[in-house]
Protein chains: 2
Amino acid sequence: MASNGTNASSRRAELLAIAAELFAARGFRATTVRDIADAAGILSGSLYHHFDSKESMVDEILSTFQAGLFEEYDAVLTSADDARNKLERLVRISFDAIHRNRPAVAIFQNDAAVLAEDDRFDYLRTNNERFRTMWMGVIDEGIRTGALRDDLDPVLTYRFIRDTVWVAVAWYRPGGQFSAAEVADQYLAILLEGLGPR
Amino acid sequence: MASNGTNASSRRAELLAIAAELFAARGFRATTVRDIADAAGILSGSLYHHFDSKESMVDEILSTFQAGLFEEYDAVLTSADDARNKLERLVRISFDAIHRNRPAVAIFQNDAAVLAEDDRFDYLRTNNERFRTMWMGVIDEGIRTGALRDDLDPVLTYRFIRDTVWVAVAWYRPGGQFSAAEVADQYLAILLEGLGPR
DNA sequence: GCACCAACCAAACAGTTGCTTGGTAGAGTA
DNA sequence: TACTCTACCAAGCAACTGTTTGGTTGGTGC
């Protein structure tokens, strides 16, 4: 057996990054272990020296990413900021996550729903609920304290923000025309003030 | 040969609808012809009496949907409305399209990028450019005429609107808590006036 | 010189994939 | 009765899938 949970050789990390790029570009199911091996310059069987299965690769990619994200979210939610500032910080953290973990975010967006049907990926459902609770807490607080308008449905507002932010992974490219911070600025401007003239 | 381009038996349409639901739920690549046949209560080989290939199924689903959508968009753009009204109508048409063609929209969102690499799906790239031109025309006109604020990047604004609207297919369900019109109302409210208190 | 080890190769496996072929049941028609 | 057509079955094909197995390579420590 190759992967023991604490193993983290540089080659292993390299292979995982290659797999993540391919999963993100073509989808988990459509990416074969031979695709990954080809991109890495080895034979498909050699991947199994580093990983138990193709599933364990995507598992590690997604769970590592989510653990990091929740750590950052937690830091915001336990802070003394008001709802408006928390919301802004959550949005900025999210765009930064897209910048730093683009493949992982893309895989989550495209394949998580199907993967979550498997018991192995139970944590995807759990984390989804936790994620939702975090955002809804800030939104509800914002409405209660008057930081956000109170004539909209909170659930639809949550979905609007969530989708708007994370779907940007479909076109955002590090080193592209706009930095993650610039995108976050403009998106927050539209989100909070709207597109109409002031 | 089975499909002659004008063939449109009810059984054929039925099979196409079944395929569309499966493609939307699991992805084009991950859906097998046996999955489709099982769902239809026939054997996989029998599908080839109605369709040339699995690809021709998704081709017909996507091209039919896009043709209908462009027809509706055209009606708006050639009208005498001002930019603000055109924008509202485009958004409402789009949500209605999600309502009426949910599987097709989902397939487009999830699989179009990969399919477009194939020459057969050249029209996906062409239509994408046409789509972009249509929306950008309205956005630019809105900024020029003062209907939209002028301190934002038009390209990012376009992406914001586009993504915000179409990604709703991931969670919208006909007959669910909110109708397509209700979602459109709330999304337009956020889009145009923002989440902040007035 | 020897043992050890991570990384990889070469070859194969059983199952799945999209698709083809030749045939058949049943309804409509003349 | 004979013909035609739509819709389907039954069986199989070659290619591809994730994974396993036993063996090889080149480097490191002693």
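What you see is a predicted model; the values in this text were computed from it and never measured. Letters A, B, ... are given to chains in the order of the sequence lines, protein chains preceding strands, and every chain is numbered from 1.
Rounded to whole Å, the distance from CD1 on A:Ile42 to P on D:dT25 is 18 Å. Atom CG of B:Leu22 is separated from atom C1' of C:dG18 by 16 Å (rounded to the nearest Å). Summarising the geometry, the separation between CG on A:Asp52 and P on D:dT21 is reported as 13 Å, rounded to the nearest angstrom. In this entry the distance linking CZ of A:Phe28 with C1' of D:dG18 reads 10 Å, nearest Å. The NZ-P distance, from B:Lys54 to C:dT20, rounds to 14 Å in whole Å. Put simply, CG on A:Leu15 is 7 Å from P on C:dC8, counting in whole angstrom units. One atom, NE2 of B:His49, and another, C1' of C:dT20, lie 15 Å apart when rounded to the nearest Å. In this structure, A:Asp118 atom CG and D:dG18 atom C1' are separated by 15 Å, rounded to whole Å.
Checking side-chain atoms of B:Asp82 against main-chain N and O of B:Asn85 turns up a donor-acceptor pair under 3.5 Å.
The residue A:Leu43 sits close to a base: some heavy atom pair falls under 4.0 Å. Across all strands shown, A:Arg11 has heavy atoms under 4.0 Å from sugar-phosphate atoms exclusively, and none from any base. Counting non-hydrogen atoms under 4.0 angstrom, B:Ser53 reaches the backbone sugars and phosphates but no base.
OP1 or OP2 of C:dC19 sits under 4.0 Å from a side-chain N or O of B:Tyr48. The phosphate of D:dC9 has OP1 or OP2 within less than 4.0 Å of a side-chain N or O from B:Ser46. Within the 4.0 Å cut-off from OP1 or OP2 of D:dC8, at least one side-chain nitrogen or oxygen of B:His50 is found. For the pair B:Arg29 and D:dT17, the criterion of a side-chain N or O lying under 4.0 Å from OP1 or OP2 is met.
At a threshold of 4.0 Å, the pair A:Glu60-A:Arg12 counts as salt-bridged, since one of the basic side-chain nitrogens sits closer than that to a carboxylate oxygen. Taking the charged nitrogens against the carboxylate oxygens, A:Glu14 and A:Arg11 do have a contact shorter than 4.0 Å, which makes a salt bridge.
By the 30° and 60° cut-offs, the orientation of the rings of B:Trp171 relative to B:Tyr187 is tilted.
DNA chain D is contacted by both A:Gly45 and B:Arg34; B:Arg34 maps to the nucleotide lying nearer its 5′ end (nearest heavy atom per residue).
The shortest heavy-atom contact between A:Gln109 and A:Val167 is NE2-CA, 3.7 Å.
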